[in-house]
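Right, one structure below, let's go through it.
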Amino acid sequence: MGRIRTNSSTAEDLLIHVDRSAAEPLHRQIAASIRGGIRAGRLRLGTSLPPTRTVAADLGVARGVVVEAYQQLVAEGYLTSRAGGYTRVAVEPAPPTAGRSGADRPAAQIDFGYGRTDVSSFPRAAWLRSVRTVLTTTPNERFAYLDGRGVPELHVALTDYLNRVRGTSARPENVVICSGYGQGVALILQVLAARGARRLAVEDPSADDDARLVAAVAGLDVIGVPVGPDGLLVEELERTDADVVVLTPSHQWPTGGVLSATARARVIGWAQRRGAVVIEDDYDAEYRYDRAPVGAMQGLAPDTVVYCGTASKTLAPGLRLGWLLAPAHLVDEITAAKVRADRGSPVIDQLTFADFLTRGEFDRHLRRMRPVYRRRRDALLAALRARLPELEPVGVAAGQHVVTWLPQDLDEASVVAAAARRGLVVQGVSRYRVSPAGLGGLIFGYATLTERSIVDGVEVLADAIAEVRAQVRPQVPATDSGAVAGS
Ligand SMILES: Cc1ncc(COP(=O)(O)O)c(C=O)c1O
């Protein structure tokens, strides 16, 4: 029997023990020990495990045996491992087994809330290389106040990337660097309102914390335009007298539809006839799983469409890095608004991102993350199919979230509340509607959850839905007056 203790502060906790006389292979025994330690809460989230070499030496086994055990636990989502770094515990301990009623069930604390990218996968080493390059090669005078439009290196790197990958049609002089999409759309709406715009059309449902929020401040009336399975209903837009429309044409937020080529051409035609501006929010286009990428609308009409991109979904929302591709006639006014807002985005971050893009690190990061998110999405869809086939997932081919519509008899607010009582966070679609009417639905953000948590979360949701159903189902008296099978 070999044993090893953790290198964490709780050094008394036994981490691994193996029994050479047992029939079970050693790597499985090691994995089972660590898994058990995590489930029991002895190994907490973030605890680093000893190097495989140390464990192998202490247990007197080949290092490959320990590596295999660690890899198995990484695949199961219990551990995360970074090349050249520590292997750490990636999950909270599982909640104790629930009581039958569900009412006394302890909090599961699984969060399907939307909007969080997996920041634990931030490419620290590659980013650090770019920071180091910038700090060792950039002349001092570049760290003084800068042009509010951003640094030229990033304008060039972004146009190269976006024209190549997103099918945009832009020159470096069209780019304005901003602090995420949130600031970008605020700057554009501010400029358009100052130019006389009065009415803003938005997709219904759509995000309620950026364009719609800014509209109130900029004095714009908001018109909700319904969306269908293929995004915005263009015939409804054509009935409006909007001066500007905000769209998520590549992956409608939240319902996931993709605006067809014909619909895109019609939106552009409508805008050009009215002298309106189209704001394209290209927030998650990089993550595409089952179909070819859909190009940006900006490439079809660079004088009518302002394109907005963000690093929030691809790298980290905390970077606050975003970019606009604006028609020449809007660039100066947007830049002036940016200067008024904050005198320009941080120069070291911009130069770092430019270097990161130019080295091909951004492409590499996306290639690495796409299969990770895809596996999480697949786990979610498989769990929903198995446990809740009555929910209908839509817009699943891309992004970091999925929406499922609810059957008519399930009240959205009741499902969300029943889930919350079990420690499961899942948002309803209704709060994002402009007009209150519409199907109930749930939004599942899956970007930060391990496959195991996703499966567990769907299990908890199934339980919550069963409770809601039981409450609304009329009570049938327990008499023998019902029909008898075969009679
Ligand atoms: C529809 C939509 N657009 C854009 C963003 C990104 O916003 P920002 O770049 O300000 O972080 C998000 C983030 O969740 C989003 O949901």
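Counting starts at 1 for both ligands and their atoms, in listed order.
- Taking the six-membered ring wherever Trp is involved, the centroid distance between the rings of Tyr114 and Phe444 does not fall below 6.0 Å.
- Residue contacts with ligand 1 leave out Gln183, since none of its heavy atoms falls under 4.0 Å from the ligand.
- Enclosure of atom CZ in Arg370 by more than 12 non-hydrogen atoms of other residues, nucleotides or ligands within 6.0 angstrom is indicated.
- Of the protein's non-hydrogen atoms, the one nearest atom 7 (O) of ligand 1 is Tyr181 CB, 3.7 Å.
- At least one N/O-N/O distance between Gly182 and ligand 1 falls below 3.5 Å.
- The protein atom (non-hydrogen) at minimum distance from atom 2 (C) of ligand 1 is Asp281 OD2, 3.4 Å.
- Within ligand 1, the atoms closer than 4.0 Å to a non-hydrogen atom of Lys313 are 13 (C), 14 (O), numbered from 1 in the order shown.
- Side-chain contact check for Arg212 and Ser206: at least one donor-acceptor pair (N or O, by modelled atom type) lies under 3.5 Å.
- Under the 3.5 Å distance criterion, the side-chain polar atoms of Arg364 are matched with a main-chain donor or acceptor of Arg359.
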CA sep, side-chain torsions, deciding dist, call: Phe112, Tyr446, ring-ring contact (aromatic ring centres under 6.0 Å, His included): CA-CA 6 Å; Phe112 280 122; Tyr446 53 79; 8.7 Å; no
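- If you look at Tyr307 and Trp323, their ring centroids are not closer than 6.0 Å.
- A donor and an acceptor atom, one from each side chain of Lys338 and Ser179, are nowhere located under 3.5 Å apart.
- Close approach of ligand 1 to Arg320 is summarised as follows: ligand atoms under 4.0 Å from at least one heavy atom of the residue are 8 (P), 10 (O), 11 (O).
- In this structure, the protein non-hydrogen atom closest to atom 5 (C) of ligand 1 is Tyr283 CB, 4.1 Å.
- Annotation: Ser312 places an N or O atom under 3.5 Å from an N or O atom of ligand 1; distance criterion only.
- Between Tyr114 and ligand 1, at least one pair of N/O atoms sits closer than 3.5 Å.
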